[in-house]
Each structure stands twice: as structure tokens, then as C-alpha cells.
Amino acid sequence: MSEPVTTFQAPFGTHDVLGPQSAQWEGLVAIFADFAYRYGFSLALTPLFEEVGVFHRGIGENSEVAKKEMYVFTDRGDRVYALRPEGTAPIVRAYIQHQPTTPWKAWYVTPAFRYERPQAGRYRQHHQLGVEVLGTDDPAVDVEVIALAWRFYAALGMTRVRLLLNSMGHDECRGAYVSVLRDFLEANVDQLCDEHRLVWGENTLRVLDCKKEPCIAVTSRGPMLPDHLCDDCREHFERVVAGLATLGIEAVLDPRLVRGFDYYTRTTFEFVSDALEGSQKSIGGGGRYDKLAEQLGGKPTSGVGFGSGIERLLLAREAEDLDSALINRTLDLFVVDTTGLDDATVLVDRLRSAGFATSRSYDGRSMKSQMKVADRSGARLALLIGPMEHGAGQVTIRDLRSENFEQAQQTVALGDVVAAVSNLLTN
RNA sequence: GUGGGCGUAGCUCAGUUGGUUAGAGCGCUAGGUUGUGGUCCUAGAGGUCGCGGGUUCGAUCCCCGUCGCUCACCCCA
């Protein structure tokens, strides 16, 4: 008697991406890689896990993510690591470690791990692509980073994307604002929503982000951060706003925009898709983080970047009924061989070397069954080798996508196959 | 962390007010057409009805538990 064999499935909150959906991922990443290249970024690959301090000191001890959403583990050497919950802190860690010449412009595509309850558009492992620029606080860079994202979304065909823009100021002007806001909230505490009436003091800025009526009513007549920026921060923000306007990029100034990580200074922004609902709406975001390098033990270094969720982007495209393929992964050729000899092996090798996407059947099945597989493969042409072709040194080429399949085939000499199929495929 | 919903074939789902061998469509395999796919016809394979316990003469169905999935809130991508 044997135990029943247990089966496995992907861990809770994770998902497998298989064909044909995986082709959309391939296309999305390829398009983004091309954008990053055109904007002067180079790919940065950093480990999936880092010492936990990289994230604690980076994204802030008080953020939801750092407090209770990280996958933390201890390795056999008693080192405490965390699976990356986001992409920016590791890039800054790598910057500090390697001191590349500035401005350093890096792009990435990576999984991100957060221990949350999964739901539509939210996973314990999701995937992000993004860029970071280290070593300059020129507002032109803020504009460039936002422009890259904006143009990228447009290239994906998305039309219902809005850009929300705000400035958090630097430490001092934000600190001054927070105490003004704190005084204001304290004076109106009994009018806040049930939750924030109790916790408004813990993370004061979060109250601005509250979606409930009572809080909105209170904060909408309270002080707003952009009105409390110092001269330098205000000028920086104005130049970002002006730069975007010059490029024709429509930004919605949103003084309530408060992002989830503590490292942001000055420019913060978020992209929302109005094709999506609720918490899934946010398809990307980012901002400036001029203090982060110091917090991670490096020299003071300005930085700005953005990240976007791949799953959310594909959801948003779907919600906008954008069904176009982001990359062509259609097979050109399918070789059918009923001789059971090596003809197919030799032929597919030659066709692939000649640049054609080529598949074939295996297991020596019947002509009928091999043709069925050829059809399902999506290939445009089938190349048939039977005893007749084998003996005559020929190949029969059949057009699988032709309407009048009676006349859709021809037989050519083995030596003419490459020329013949390339002729047929370009028509 | 909080609160809903759902687990029957590979997929999408019927079903039994508790009763013998549990169904359909699609998909898959083979045949009709012994060298030809996409239409059509026929046949076949495939299920511990999530798992465990309880009630019962009898449970896929009722009850309890458990696991899994899913959706929403919170927060985020």
C-alpha cells in the first residue's frame, strides 16, 4: 500500500504565465527595453533578495510594506534577508556599492514580493519594470522619467491613463507642513473617519490619502503641501510642471497624492488607468528620492525613478479592449514527416538556420494526425515529407491558411525549399 | 489583518428535494478518408464529485471541521 501521490500548485498568490499569454509579457518587456535604450538607460540586474536593512531603511519602518508585507528569511549563516518588495532600494544599494559615473541611468524588470492577501490585480509575487536616475536633481530628469512612462503607455495603445502629480518637498519644508497639518487635524479630530480619528497621529500624511467622506471633508479645507514648499522646492516643482506641459503631457496636480514609501522627496507621481476599478487603478508610480542614498549609507545623491506593474498594465490593456499582440510569435513552418527517417530532423535544422520559426511533429504519427498538429500549431505553411518526396528528393509545401485548400500546395526540390517558403511567406 | 463567495473530467459547467454503472459542451486519442489539417460523422480514454469526520440502511447532495481557490476592504503595482 502506497500513499497517494500529492500534487503541487503554484504558491498562494502567485501565478504561472504560459503561452499564449506569455507572449504578451515578452512583447511588453521588449517594448520597454527598447524605450529604455532610446532614453539612454542600461539594464541593471541585482539580486532578488537583499539584507533586510536595505528595505527597512529604504522604504521606511512605518510603511505597510516594511511593517508586515515583507518575505523575510534567515539563511544558514544567520544573515537576515528579504525578498525584494520593490525595485528602487536595491538599485540605490547597487549604486552606492559600485559608484558608477553620474548621472547613472538604469532600467530593470523584476519580480516583487509582498505578503498580502491576493485579489484581482494583486499578487504575492508580481512583476515590475522601471527606471532610476541617480546623481542629479535637475527637474529635466523628473520630466524625462515621467515622459518615458507616458510615451510607453501610449505605445501600448492605452488611452485612459491619467498622470497624478504632487511634490512632497524636502525634509524641512515637509516637516514644517506636517506639523501644520498635525495641528489642523488635532483641532478637527472628532470629524475624521472612524479609523483616522484614532490613528491620525501615526502617519499624518496618510490622512490626506483617505478615501472616506469625513476625512476628505476635513482635509479639503485644511493646509495642502504644495502651498508650504520652500522656495527651492517650489521652483523645482514648477519646472517639472512646466516641462511636462511643454511636452504636451497632461498632469493632474493632486495635492492629496501620498505614496506608500517614505523615501520620496519633492516630485511624486502616479499613473492610474480609468479602465480599471478600485485599488487596481494604479498601474505605476514613482518620484524623487534625494535622501535615500544617505539613508542606505552612501554619499548624498539625488535620484528619481518610476516603476510599473506588468500584471496591471496587461489588465488595463484588456480593460481597454486592446487585444493586439505586443509581439509576433506565430510559427512560420511546420514539418510533417511520415517516413520515420531523419529527413525532418535535417530539414528543420536547415530552415531554422535560414531564420524561419519552425516546428515539427514527433512520435511517427499518421499523416492525418500530423496535419492536425500542424494546423493547431498556428504555422502558416506545412512542409510534407512522405515516402514519395523522400524518394524523389522533394518536399511538398502546403499553405495552411489558404481558403481554397484544394490547390494550396506544390512540390519542390529539396534544394529549392528555402527559396520557395521565403517567397510564399513574404506574399 | 477583516469580511463574502466557490470547490463535480484537462477547461467551462449541469446534476441528484439523499437511492444501483455521475452527465454535457469544448479539448484530447483513434477511425470514417491505408499520403493531407481547419467542416462533418462514429468510437474511445479521462472522475477517490477538494480532504477528513458525523448523521443515515445508503452521502457527490445534509451537518461539522479542514485545506484550496476566488472577490472585496485595508494597502499597494
Side-chain angles (χ1 to χ4, degrees), chain A residues 4-15 59 62-70 84-88 109-130 149 193-196 199 203 206 209-212 258-261 270-273 276-286 306-316 334 336-339 361 363 365-391 396-409 411:
Chain A
V5 179
T6 57
T7 58
F8 299 103
Q9 54 186 317
F12 190 47
T14 70
H15 58 130
I59 64 187
N62 283 324
S63 71
E64 291 279 323
V65 169
K67 266 194 302 192
K68 50 188 191 188
E69 294 183 359
M70 281 209 288
R84 58 166 54 178
E86 58 101 38
T88 300
V109 52
T110 179
F113 304 88
R114 293 179 199 170
Y115 193 88
E116 314 175 81
R117 290 289 292 274
Q119 65 187 65
R122 193 178 67 183
Y123 304 94
R124 288 187 169 177
Q125 174 177 342
H126 75 280
H127 301 79
Q128 292 189 19
L129 32 76
C193 77
D194 294 345
E195 183 195 343
H196 285 115
V199 301
N203 195 338
R206 278 248 87 88
D209 196 37
C210 181
K211 308 292 189 297
K212 299 201 179 73
V258 176
R259 296 198 35 85
F261 303 139
E270 189 165 311
F271 294 97
V272 296
S273 168
L276 295 175
E277 293 300 321
S279 59
Q280 305 172 24
K281 284 178 83 83
S282 172
I283 57 172
F306 92 97
S308 211
I310 293 178
E311 288 87 351
R312 293 275 173 89
L313 290 174
L314 293 176
L315 275 176
F334 192 99
V336 165
D337 179 357
T338 59
T339 67
S361 73
D363 302 321
R365 305 215 275 171
S366 69
M367 175 69 76
K368 177 192 177 93
S369 126
Q370 290 194 46
M371 283 301 293
K372 239 176 140 167
V373 178
D375 182 49
R376 278 199 306 261
S377 78
R380 288 190 53 194
L381 304 176
L383 307 190
L384 283 59
I385 303 169
M388 198 179 80
E389 287 85 353
H390 173 74
T396 295
I397 304 172
R398 183 173 179 83
D399 186 343
L400 294 171
R401 307 301 147 204
S402 162
E403 309 244 327
N404 57 338
F405 50 91
E406 290 301 322
Q407 302 153 21
Q409 71 182 45
T411 299

inquiry  = Run the side-chain contact (heavy atoms from CB on, under 4.5 Å) test against A:V373 and tell me which residues pass, sequence neighbours left out.
reply    = A:F334, A:R365, A:R376

key: Residues which pass side-chain contact (heavy atoms from CB on, under 4.5 Å) with A:F113, listed by chain and number, not counting sequence neighbours   = A:L48, A:Y71, A:L83, A:R84, A:P111, A:Q125

Comparing A:T396 and A:H126 on RNA chain B - which has the more 5′ nearest nucleotide = A:T396

request  = Output every pair passing salt bridge (charged side-chain N to carboxylate O under 4.0 Å, His left out) with a member in residues 121-130 of chain A, not counting sequence neighbours, ordered by first then second residue.
outcome  = A:E116-A:R122

Please write out the pairs of protein N or O atoms and N or O atoms of nucleotides 68-71 of chain B separated by less than 3.5 Å, giving the distance to one decimal.
residue : atom : partner : partner atom : Å
B:G68   : O2'  : A:Q9    : NE2          : 3.4
B:C71   : OP2  : A:A120  : N            : 3.3

ask   = How are the rings of A:Y123 and A:H15 set relative to one another: parallel (under 30°), tilted (30 to 60°) or perpendicular (over 60°)?
value = parallel

remark   = Taken in chain and number order and not counting sequence neighbours, the residues that satisfy side-chain contact (heavy atoms from CB on, under 4.5 Å) with A:D375 are A:R401

request  = Kindly say if A:R376 contacts the phosphate of B:G27, meaning a side-chain N or O under 4.0 Å from OP1 or OP2.
outcome  = no

inquiry  = If a pair means Watson-Crick or G-U wobble with both distances below 3.5 Å, what does RNA chain B look like in dot-bracket form, with | marking bases paired to a different strand?
reply    = (((((((..((((.....[...)))).(((((.......))))).....(((((..]....))))))))))))....

ask   = Can you list the residues that meet the ring pair (Phe, Tyr, Trp, His ring centres under 6.0 Å) rule with A:H390, with sequence neighbours excluded?
value = none

Proximal nucleotide (of B:G31, B:C75, B:U29) relative to the A:S366 side chain = B:G31

request  = Would you please confirm or rule out a distance under 4.0 Å between OP1 or OP2 of B:A72 and any side-chain N or O of A:R122?
outcome  = no

key: Side-chain donor/acceptor of A:E116 to base of B:A77, under 3.5 Å   = yes

query = What is the nucleic acid contact for A:F334, judged by heavy atoms within less than 4.0 Å: base, sugar-phosphate only, or nothing?
reply = nothing

task = Could you pull out all residues at least two apart from A:E270 that satisfy salt bridge (charged side-chain N to carboxylate O under 4.0 Å, His left out)?
result = A:R259

query = In chain order, what residues pass the ring pair (Phe, Tyr, Trp, His ring centres under 6.0 Å) check against A:F306, with sequence neighbours excluded?
reply = none

